[in-house]
Amino acid sequence: MPELPEVEVVRRGLSRWVAGRTVAFAEVLHPRAIRRHVPGAAEFAGRLAGRTLVSAERRGKYLWLPLAESLNGSEGPAGGIPADAREAPPAGEEHGAAEALLAHLGMSGQLLVVEPGSTLEKHLRVRLGFDDGGPELRFVDQRTFGHLLVSRLLPLERPVPEPIAHIAADPLEEAFDDEAFAARLGVRQTEVKRALLDQSLISGVGNIYADEALWRARLHGGTPTRALSRRKIDELLAAVREVMAEALGQGGTSFDSLYVNVNGESGYFDRSLNVYGREGEPCGRCGAPVLREAFMNRSSYSCPRCQPRSAT
DNA sequence: ACCCCCGCCTGGCGGC
DNA sequence: TGCCGCCAGGCGGGGG
């Protein structure tokens, strides 16, 4: 279940293995995977053919690859070498990219870099081949919550694809404004866990890292945001960043083989989770059994002693 | 405008 | 053993 750290691991893989390469063909094997690309599968494939994937960008859980007209002018050498030596230029400008290939992995999406001849994955949805004859990029997604599309890149200070203009900066971006976030929490009529999951306030935080950050900050998710002091909000943001940085250091969280990084290796941060999925197990801080509560047709996990409902 | 919550989709698995 | 139904997840959009 990819959240921000896992998506960042994938971005790095794309940056290393795919950036700078030119698409020879795109093949859509399941129309649902491109359902948000309104003009449809044929248009999607046509839009990508011949374009160079300039770089790999991320905001929250979204990934995008700015598109340029072919950089090399013509086809590269056959059996080409992966673009691992060069970090491609940043989004847009240098090559005038005004469009991007946008991806959201949903809960089971994978972007795999594999040899062209290799066996097609059972849940393969979209396939991109390159003009250098090197490894393909494959979008594999069992539960089809993820999707790909090509869209316009908005000419902002940091260009972002049009469909995600409403997604807030994530807490690992320099552009994330702690003070503005705190101010918005101060006037919201909602609970802190709902706020953490609201991608228009802060992006990239999913159910797992919300629970882990709340545990670290000793906050119950049901606490009204207006009850939080500025200091407590700072603690919470620090906790979010901490848990994400640790996960990133370990290559992302993985509970099963559904999540793998761009080369097919699983992360293992799940061994480090303190409360998520640990109902009944002792809290690592105080020993009280971890509590599981229903939340939005799923679950929240917390320590009943370290995270009392009234804490501010 | 703000906030809440349903529905989307699939496969693994628990229970009968 | 087989089948049914529940559960997981992010997020768009509709309803209140």
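Lettering follows sequence order; numbering is per chain, from 1.
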Identify, with sequence neighbours excluded, every residue that meets ring-ring contact (aromatic ring centres under 6.0 Å, His included) alongside His123(A).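 Counting only residues at least two positions away or on another chain, His123(A) forms no ring-ring contact (aromatic ring centres under 6.0 Å, His included).
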What is the distance, to the nearest angstrom, from the [atom1] atom on [X] to the [atom2] atom on [N]?
X: Phe145(A); N: dC7(C); atom1: CZ; atom2: C1'; answer: 11 Å
X: Ile202(A); N: dG10(C); atom1: CD1; atom2: P; answer: 14 Å
X: Asn207(A); N: dA8(C); atom1: CG; atom2: C1'; answer: 9 Å

If hydrophobic clusters are built by linking Ile, Leu, Val, Met, Phe, Trp and Tyr wherever their side-chain heavy atoms come under 4.5 Å apart, do [X] and [Y] end up in the same one?
X: Leu273(A); Y: Phe295(A); value: no
X: Phe181(A); Y: Leu214(A); value: yes
X: Trp64(A); Y: Leu156(A); value: yes

Quick check on DNA chain B: between Asp198(A) and Asn297(A), whose nearest nucleotide comes earlier from the 5' end? Asp198(A)
Between Thr144(A) and Arg188(A), name the one whose nearest nucleotide on DNA chain B is closer to the 5' end.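 Counting from the 5' end, the first nearest nucleotide belongs to Arg188(A).
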First locate atom CD of Glu57(A), then atom CG of Leu65(A), and finally report the distance between them rounded to the nearest 0.5 Å. 8.5 Å
Lys/Arg cation over aromatic Phe130(A): Arg21(A), 6.0 Å, 45° cone: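 Ring-cation test returns yes.
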Kindly give the atom pairs (protein nitrogen or oxygen, nucleotide nitrogen or oxygen) under 3.5 Å for nucleotides 11-14 of chain C.
residue	atom	partner	partner atom	Å
dC11(C)	OP1	His104(A)	NE2	2.5
dC11(C)	OP2	Gln199(A)	OE1	3.1
dC11(C)	OP2	Gln199(A)	NE2	3.3
dG12(C)	OP1	Tyr62(A)	OH	2.7
dG12(C)	OP2	His166(A)	NE2	2.8

When you list every nucleotide of DNA chain B with an atom under 4.0 Å from a heavy atom of chain A, which one comes first 5' to 3', and which comes last?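 The contacted stretch runs from dC3(B) to dG11(B).
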Quantified as the angle between the terminal helix axes (five pairs each), what is the overall bend of the helix from dC2(B)-dG16(C) to dC16(B)-dG2(C) to 10 degrees? 60°
With heavy atoms under 4.0 Å as the rule, sort Arg125(A) into base, sugar-phosphate or nothing. nothing
Residue list, salt bridge (charged side-chain N to carboxylate O under 4.0 Å, His left out) with Glu162(A), at least two apart or on another chain: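 If we apply the salt bridge (charged side-chain N to carboxylate O under 4.0 Å, His left out) test to Glu162(A), skipping adjacent residues, the hits are Arg152(A).
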Do any N or O atoms from the side chain of Arg138(A) and from the backbone of Arg125(A) form a donor-acceptor pair under 3.5 angstrom? no
Of all residues at least two apart in sequence or in a different chain, which pass the side-chain contact (heavy atoms from CB on, under 4.5 Å) check with Leu291(A)?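 Partners of Leu291(A) under the side-chain contact (heavy atoms from CB on, under 4.5 Å) test: Glu293(A), Ser302(A), Pro304(A).
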If we ignore angles and hydrogens, is there a donor and acceptor under 3.5 Å between the side chains of Arg188(A) and Thr225(A)? no
I'd like to know if the side chain of Ser203(A) pairs up with that of Lys61(A) as donor and acceptor (distance under 3.5 Å, no hydrogens or angles considered).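 No donor-acceptor contact under 3.5 Å links the two side chains.
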